[in-house]
Number of protein chains: 2
Amino acid sequence: MTVSRVLRNRGDVSETTRERVLEAARSLGYVPNKIAGALASQRVNLVGVIIPSLSNMVFPEVMTGISEVLEDTGLQPVVGVSNYSHDREEQVIYEMLSWRPSGLILAGVEHSDASRAMLAQAGVPIVEIMDIDGTPVDSAVGISHRRAGRQMAEAIIAAGYRRIAFLGTHMPSQDTRARKRLEGFEEALSQVGLTLVDREYYTGGSSLLKGREMTEALLKRTPDLDFLYYSNDMIGAGGLLWCLEKGLDVPGKIGLAGFNGMELLDGLPRKLATMDACRLEIGRKSAEIIAGKRPSGVIGGEVIELQPTLQPGDTIRRG
Amino acid sequence: MTVSRVLRNRGDVSETTRERVLEAARSLGYVPNKIAGALASQRVNLVGVIIPSLSNMVFPEVMTGISEVLEDTGLQPVVGVSNYSHDREEQVIYEMLSWRPSGLILAGVEHSDASRAMLAQAGVPIVEIMDIDGTPVDSAVGISHRRAGRQMAEAIIAAGYRRIAFLGTHMPSQDTRARKRLEGFEEALSQVGLTLVDREYYTGGSSLLKGREMTEALLKRTPDLDFLYYSNDMIGAGGLLWCLEKGLDVPGKIGLAGFNGMELLDGLPRKLATMDACRLEIGRKSAEIIAGKRPSGVIGGEVIELQPTLQPGDTIRRG
DNA sequence: CAGGAAGCTGTTAGCGCTATCAGTATCAGA
DNA sequence: TCTGATACTGATAGCGCTAACAGCTTCCTG
């Protein structure tokens, strides 16, 4: 018992005893068994984080925000990957909950019924992140992707572009957030009597090369476009490089825009218009909710909507 | 007891009982407590993976390889991040081992003494990845970064470049692998009587922008360089974009090379010379060792050296 | 000097599972 | 008929820790 107290820095132990215990632990290479500790104390210092993909570049930054805040709370993030599959997500949720974590952070507000049921039953804080267009199980931190899409469309229309095309992932059912952005985008177009002139879909991961190829294919098919709206910055950057190489007049003859506010864009020959997704802030706020550190003092059921800012860069005509 | 059997699919249970148990579990939203299960069975289906950073782009691909192999073994990867700090790494190792995982995969072969002691004591398979220039605690999978640096230098020398500079991270003590590459690189240079003409260091994360800035600063200071060796592809790509914009003759007047074989490079206007670090394969092989699925049948203490291949791209003069 | 607080150490009883073994029922084969 | 195998279910005893409390000593306060 005294050993337990020393190793957890809890309760009063005399200095001499503490020294002796630590020395013994060191010399034996003793590592306490957290499994037993967790079972006895009913406390687990882990926070599950479920994201669709590690390679997306979006999530590392969210993780950074989370780690930053959890750092001095004694909580540890544990990452699970769902590969954009609801079934896989369900399994990961089950797996994580069976370890009784102190909280769960997961991307998106769309889940299978079974997942929602498990989350609702879990009895620990649940934070759904990235997206707030929907009904969260408990808390949520994110932006409205629908609104983000609309806002971008309005900026594009205001700049005078009219023959607009969309380039994005082919699985609108899977990357729900990209789909919502597109919905908002088309909504805003139709309000001024416009529709998308063309669209180009792809499957698999996003890459510069993919962006180039899609752009080339699209412009070959429909040469008289004056704006290309990409579902993310990576393919947008590829498209931009392609346009510049072909000597197209950007943003005079043709404008471009992506989404995410990726650091990558800062190094490109010209800065792609984009919209920052507040990733760091989303990570921070979600961790605060789990750690019970919200300044508001609210516990559970909080929905925090962040406002993405439009970064017009050099690929949309200015006023 | 019968419930336990049903939920774990172990032992004989009559079909009717099984149905009843599953139905009850479903309707109660019951999620078994793995903590108790693990304590009782002394088995934990988790594999700890400790990497220096999530934003490095190198590690997501390693993770992909790991997940792929663990997929059908019932084992689950759990990610920890050390931020290139040995102290932090030590904490993460301690934390992970205290959960008694089925194995541990960690980047690099350099660790604090305390870390090495813990790993040696752990009693589970340990795989050190990425780097094999050193003495692993147990198994290791990776490439020789020293050799990789040497190989690149030889290719550069063979192409006739003589006034060579290095651009890389400022903390040679932290990113040990970059340092080893540089050591191998300089070794090969000195064998033909050359030394680095100049070098430029930076701190913080790698980005295209950083690559541009460093390249500009370096060439301003030492204009007559004919080769720039970057410690990674991201800053190399930034440098390449800068050189192309300035209208420099690449690879005629000046050559460039990076390291990693990043997908990003495929979309650039010109393809940067690089060396692929076998990341996917490293992930796969390390997971195989943990899962005990090595075709060799060897258990523990295996060192697998992979051979990185030089990809000359378009930024080294061809013979 | 009583009374109580504070400092320290130890005892006991679980936490929610699983390993192991015991027990019952059924059935084939000798 | 009995034997032994097979199918199934249940009882018991931990896994390695911590919460809660008990007990002792010391020290302070009035």
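In what follows, chains carry the letters A, B, and so on, assigned in the order in which the sequence lines appear, proteins first and then strands, with residues in each chain numbered from 1.
- Residue B:Y30 has no polar side-chain atom (N or O) positioned under 4.0 Å from OP1 or OP2 of C:dG16.
- B:R10 places its CZ atom 11 Å from the C1' atom of C:dA19, with the value rounded to the nearest Å.
- Under a 4.0 Å N-O distance rule, the pair B:E288/B:K293 does not qualify as a salt bridge.
- Ion pairing between A:E23 and A:R20 fails under the 4.0 Å rule for side-chain N and carboxylate O.
- Remark on DNA chain C: of its neighbouring residues A:T17 and B:A38, the 5'-side contact belongs to A:T17, judged by nearest-heavy-atom nucleotide.
- In this structure, the CG atom of B:N33 is 14 Å from the C1' atom of C:dG14, given to the nearest Å.
- The separation between B:E15 atom CD and D:dT9 atom P is 11 Å, rounded to whole Å.
- Whole-Å rounding puts the B:D12 CG to C:dG23 P distance at 20 Å.
- For B:H111 and B:R116, the side-chain atoms include no donor-acceptor pair closer than 3.5 Å.
- As a whole-Å value, the separation of A:R100 CZ from D:dT18 P is 19 Å.
- A:K180 and A:E110 are joined by a salt bridge, as a carboxylate oxygen and a charged side-chain nitrogen come within less than 4.0 angstrom of each other.
- Regarding contacts with the backbone of C:dG7, every side-chain N or O of A:S14 stays at 4.0 angstrom or more from both OP1 and OP2.
- In this structure, A:Q42 does not reach the C:dG14 phosphate: none of its side-chain N or O atoms is under 4.0 Å from OP1 or OP2.
- For A:R8, taking side-chain heavy atoms from C-beta onward, the closest of the listed nucleotides C:dC8, D:dG16, D:dT18 is D:dT18.
- Nearest to the side chain of A:R43, among C:dC8, D:dC8, D:dA19, sits D:dA19.
- Defining each end axis of the helix from C:dC1-D:dG30 to C:dA30-D:dT1 as the rotation carrying four pairs' C1' atoms onto the next four, with five pairs an end, the two axes are found to diverge by 30° to 10 degrees.
- Comparing D:dC15, D:dC8, C:dC15 against the side chain of B:L39 picks out D:dC15 as the nearest.
- At least one donor-acceptor pair closer than 3.5 Å links the side chain of A:R279 to the backbone N or O of A:N260.
- As rounded to whole Å, 20 Å separates atom C1' of D:dG16 from atom NZ of B:K34.
- Under the 4.5 Å side-chain criterion, counting only non-hydrogen atoms from C-beta, B:N45 is in contact with A:E95.
- One interatomic measurement links the two molecules: CE of A:M1 to C1' of D:dT18, which rounds to 5 Å at whole-angstrom precision.
- Remark: C1' of C:dG14 and CD1 of B:I35 are 15 Å apart, rounded to the nearest angstrom.
- Screening A:V78, A:L46, A:V79 for a side chain to side chain contact (heavy atoms under 4.5 Å, CB included) involving B:V78 leaves a single residue, A:V78.
- A donor-acceptor pair shorter than 3.5 Å cannot be found between the side chains of B:T169 and B:D175.
- The side chain of B:T2 approaches D:dG10 more closely than any other nucleotide in the set D:dG10, C:dC8, C:dT18.
- When the nucleotides C:dT9, C:dC17, D:dT18 are ranked by their closest atom to the side chain of B:A36, C:dC17 comes out on top.
- The base of C:dG10 lies close enough to the side chain of A:R5 for a donor and an acceptor atom to sit less than 3.5 Å apart.
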